[in-house]
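In what follows, chains carry the letters A, B, and so on, assigned in the order in which the sequence lines appear, proteins first and then strands, with residues in each chain numbered from 1.
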There are 2 protein chains.
Amino acid sequence: MTAVGPRAREGGARGPRGTAPQGYDPHAFEPFAVTVDLAVFTVREGVLHALLIRRGQEPYAGAWALPGGFVLPRESTELAARRELAEETGLPDDLVAGLHLEQLRTYSEPDRDPRMRVVSVAYTALVPDLPEPHGGGDAAHAEWVALGGCGQLAFDHAEILADARERIGAKLEYTCLATSFCPPEFTLGELQQVYETVWGTVLDRPNFRRKVLATPGFVEQVAGASRLTGGRGKPAALHRAGPATALHPPLLRPEGRQT
Amino acid sequence: MTAVGPRAREGGARGPRGTAPQGYDPHAFEPFAVTVDLAVFTVREGVLHALLIRRGQEPYAGAWALPGGFVLPRESTELAARRELAEETGLPDDLVAGLHLEQLRTYSEPDRDPRMRVVSVAYTALVPDLPEPHGGGDAAHAEWVALGGCGQLAFDHAEILADARERIGAKLEYTCLATSFCPPEFTLGELQQVYETVWGTVLDRPNFRRKVLATPGFVEQVAGASRLTGGRGKPAALHRAGPATALHPPLLRPEGRQT
DNA sequence: CGCCTTTATAGTCACAGTGACCATTAAGGG
DNA sequence: CCCTTAATGGTCACTGTGACTATAAAGGCG
């Protein structure tokens with residue numbers, strides 16, 4: 001048994017799982033604020049963009065920040081993330097409602113917010129390229145910002161964004177998540193560009209095709225439909241996302257290929 | 001813009017990132033308790049065990065629960081996890097200090113603790129098979145419990161434990177983490193048993209050998225050392241963990257092999 | 001002692017998946 | 001009509017892996 005913080009359970013803030021039989025006072029200990037932060041990505045013209053909000057006040061006034069906010073007393077963090085996304089960004093309601101939100105991780109460094117103790121649960125989401133987000137409301141000052149072109153981010157949001165990007169890249173390897181970046185109907189070339197953009201690599205087109213089509217349930221061809229890509233060339237067949245969610249075997253990044 | 005909770009930022013609890021210029025009162029909103037929970041695993045006699053604590057009081061008195069506790073005002077969650085692990089379990093100090101703690105995810109359902117709002121950040125760790133943990137202190141009533149043999153767990157800890165196990169299984173596929181389950185020097189047979197136990201499958205021994213030895217930096221042979229396994233048979237060469245952390249290409253579970 | 005069992009270690013072989021290519025098809029533009 | 005462009009279709013060699021066989025080195029036992 002170590003002596004690290006041996007009295008932690010014996011102060012005024014007797015915890016829910018403490019060993020003492022008496023009750024406890026929820027207001028007796030210093031409060032933690034619990035927030036959510038959202039790293040929402042899209043692929044736009046071959047560049048990965050994140051949905052960011054320009055801060056209007058100190059600290060970090062003028063800097064970009066991730067959308068997010070406080071978790072309400074009766075909300076789960078995922079619900080809070082969805083609510084904040086709808087409130088703070090102009091993303092269409094139906095898109096927000098059906099969005100796949102993935103919990104990234106929780107950031108809890110004591111001084112990550114200079115004003116008070118804030119523990120933040122970060123979520124990641126992928127959306128197809130859309131018209132500008134700030135559709136309606138007053139608070140909708142969110143914009144798509146190209147990664148790398150966003151200067152210094154507020155708080156530890158640069159770290160969150162970097163972690164989110166890494167996670168996305170890894171997820172593309174072994175899940176069908178890439179289709180989330182695409183509109184309902186897309187060409188295989190567009191799907192390939194998602195991979196190339198997120199990974200920052202170039203893929204061989206025939207091999208990519210072969211791999212995607214060989215994975216059952218990844219994409220389904222839309223019968224008879226085709227579309228010209230870039231104005232010239234043979235029209236590409238249109239596909240939609242299939243029912244599969246996992247990729248077996250995985251589609252590994254070229255970098256991950258060292259032997 | 002949706003109407004979901006549009007007044008969330010305009011109540012008495014003005015948040016750190018709210019748009020209004022005035023300050024805010026940290027005590028004005030209902031407090032959240034932030035805790036950590038630990039899912040610590042070991043492999044013992046071919047069975048996966050978790051380090052659990054028998055609850056002495058309501059709710060869930062008498063049930064097993066994950067070790068864990070409150071995050072202190074100036075602690076990160078990872079530090080809190082390490083401190084709680086040292087306090088609540090009898091694990092040796094040096095082991096706790098050097099342990100690789102991985103953040104699993106955060107559990108935030110409003111009613112996951114019937115007494116108050118508790119948001120809990122779960123961590124996972126792997127340790128080699130050790131003598132019984134409750135070495136010293138008073139609060140050290142932790143025990144290794146075989147998975148499946150622990151009845152109903154307190155709170156949502158069964159869900160956390162299941163998530164942790166799934167994460168561990170996935171991590172074995174593409175990281176060198178399995179050596180964390182082994183003592184400093186181990187045989188390849190012991191390493192293989194780690195995989196078999198966590199995955200619940202049987203692996204072909206020569207193929208497993210080939211794969212592990214072909215991955216540079218996964219294990220290093222201890223020159224000249226060998227040990228008998230189980231009393232009979234040819235003594236096995238001893239190995240120790242190498243400097244590598246990732247497995248390229250991954251060592252996939254037999255189930256993940258569908259094509 | 002020789003022979004069994006047991007466990008580790010070495011090697012073989014066929015096949016699936018993939019990277020690197022090359023070829024063909026179908027569109028628009030001069 | 002021929003160029004370019006992009007999608008699509010196919011080949012080929014190599015790597016990694018699953019299944020399997022063979023050998024080596026220990027203890028147990030008659």
Side-chain angles (χ1 to χ4, degrees), chain A residues 46 172-174 182 185-196 199 201-216 218-239 246-259, chain B residues 46 172-174 182 185-196 199 201-216 218-239 246-259:
Chain A
L172 289 197
E173 289 192 331
Y174 58 95
C182 298
E185 296 192 344
F186 52 88
T187 69
L188 291 186
E190 290 166 349
L191 185 64
Q192 182 177 347
Q193 204 184 38
V194 167
Y195 278 90
E196 293 180 334
W199 288 348
T201 60
V202 176
L203 301 175
D204 180 81
R205 201 182 276 265
N207 290 342
F208 179 81
R209 265 185 85 71
R210 188 215 301 160
K211 174 73 185 174
V212 170
L213 294 177
T215 304
F218 191 2
V219 298
E220 296 169 348
Q221 189 161 355
V222 179
S226 64
R227 185 182 5 132
L228 267 92
T229 331
R232 271 202 290 279
K234 181 176 177 177
L238 287 177
H239 298 256
L247 244 49
H248 278 294
L251 178 48
L252 296 175
R253 290 179 260 207
E255 284 78 354
R257 258 295 125 144
Q258 69 241 26
T259 301
Chain B
L172 289 198
E173 289 192 330
Y174 57 95
C182 297
E185 297 192 341
F186 53 88
T187 69
L188 292 187
E190 289 166 350
L191 186 64
Q192 181 178 346
Q193 203 184 37
V194 167
Y195 278 90
E196 292 181 332
W199 288 349
T201 61
V202 176
L203 301 175
D204 180 81
R205 200 181 277 266
N207 290 342
F208 180 81
R209 264 184 86 72
R210 187 216 300 161
K211 176 70 185 176
V212 170
L213 295 177
T215 303
F218 190 2
V219 298
E220 296 169 348
Q221 190 162 352
V222 179
S226 65
R227 182 178 15 129
L228 267 92
T229 331
R232 271 201 291 279
K234 183 176 176 177
L238 287 177
H239 298 256
L247 244 49
H248 277 295
L251 178 50
L252 297 176
R253 289 179 261 207
E255 285 77 354
R257 260 292 124 149
Q258 68 242 26
T259 303

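The nearest heavy atom of DNA chain D to A:Asp204 and to A:Gly233 marks one nucleotide each, and the one closer to the 5' end goes with A:Gly233. Mapping B:Leu238 and B:Arg232 onto DNA chain C by nearest heavy atom places B:Arg232 at the nucleotide closer to the 5' end.
Residues B:Leu172 and B:Leu247 approach most closely at O-CD2, 4.0 Å, considering heavy atoms.
The shortest distance between side-chain heavy atoms of B:Thr215 and B:Leu251 does not fall below 4.5 Å.
Between B:Arg205 and C:dA8 there is a side-chain polar atom (N or O) within less than 4.0 angstrom of OP1 or OP2. The side chain of B:Thr229 places an N or O atom within less than 4.0 Å of a non-bridging phosphate oxygen (OP1 or OP2) of C:dA8. Between D:dG9 and A:Arg209, a contact under 4.0 Å exists linking OP1 or OP2 to a side-chain N or O.
The ring pair (Phe, Tyr, Trp, His ring centres under 6.0 Å) test applied to B:Phe208 returns B:Tyr195, not counting sequence neighbours.
If you take CZ of A:Arg227 and C1' of D:dA7, they are 13 Å apart, rounded to a whole angstrom. Rounded to a whole Å, the CG atom of B:Leu252 is 15 Å from the C1' atom of C:dT18. Atoms NZ (B:Lys211) and P (D:dG18) sit 9 Å apart, rounded to a whole Å. Summarising the geometry, the separation between CZ on A:Phe208 and C1' on C:dA20 is reported as 17 Å, rounded to the nearest angstrom. Counting to the nearest Å, the P atom of C:dT18 and the OH atom of A:Tyr195 are 12 Å from each other. Atom-to-atom, CG of B:Leu191 to C1' of C:dT9 comes out at 16 Å; the value is rounded to the nearest Å. The CG-P distance, from A:Asn207 to D:dT8, rounds to 15 Å in whole Å. Between A:Gln221 atom CD and D:dA7 atom P the separation is 14 Å, expressed in whole Å.
Look at B:Glu196 and B:Arg205 and you find no salt bridge, because none of the NZ, NE, NH1 or NH2 atoms lies under 4.0 Å from a carboxylate O.
Taking every side-chain heavy atom of A:Leu228 into account, C:dG28 is the closest of C:dG28, D:dC20, D:dT8. Distance from the side chain of A:Ala236 is smallest for D:dT8 among the nucleotides C:dA27, D:dA25, D:dT8. Here C:dA8 is the nucleotide among C:dT25, D:dG10, C:dA8 with the atom lying nearest to any side-chain atom of B:Lys234.
Formation of a donor-acceptor pair under 3.5 Å by the B:Gln221 side chain with backbone atoms of B:Leu238 is not found in this model.
Counting distance only, with no hydrogens placed and no angle test, the side-chain atoms of B:Arg210 and the base atoms of D:dG18 include a donor-acceptor pair under 3.5 Å.
Across all strands, A:Ala237 comes closer than 4.0 Å only to sugar-phosphate atoms, never to a base (heavy-atom distances).
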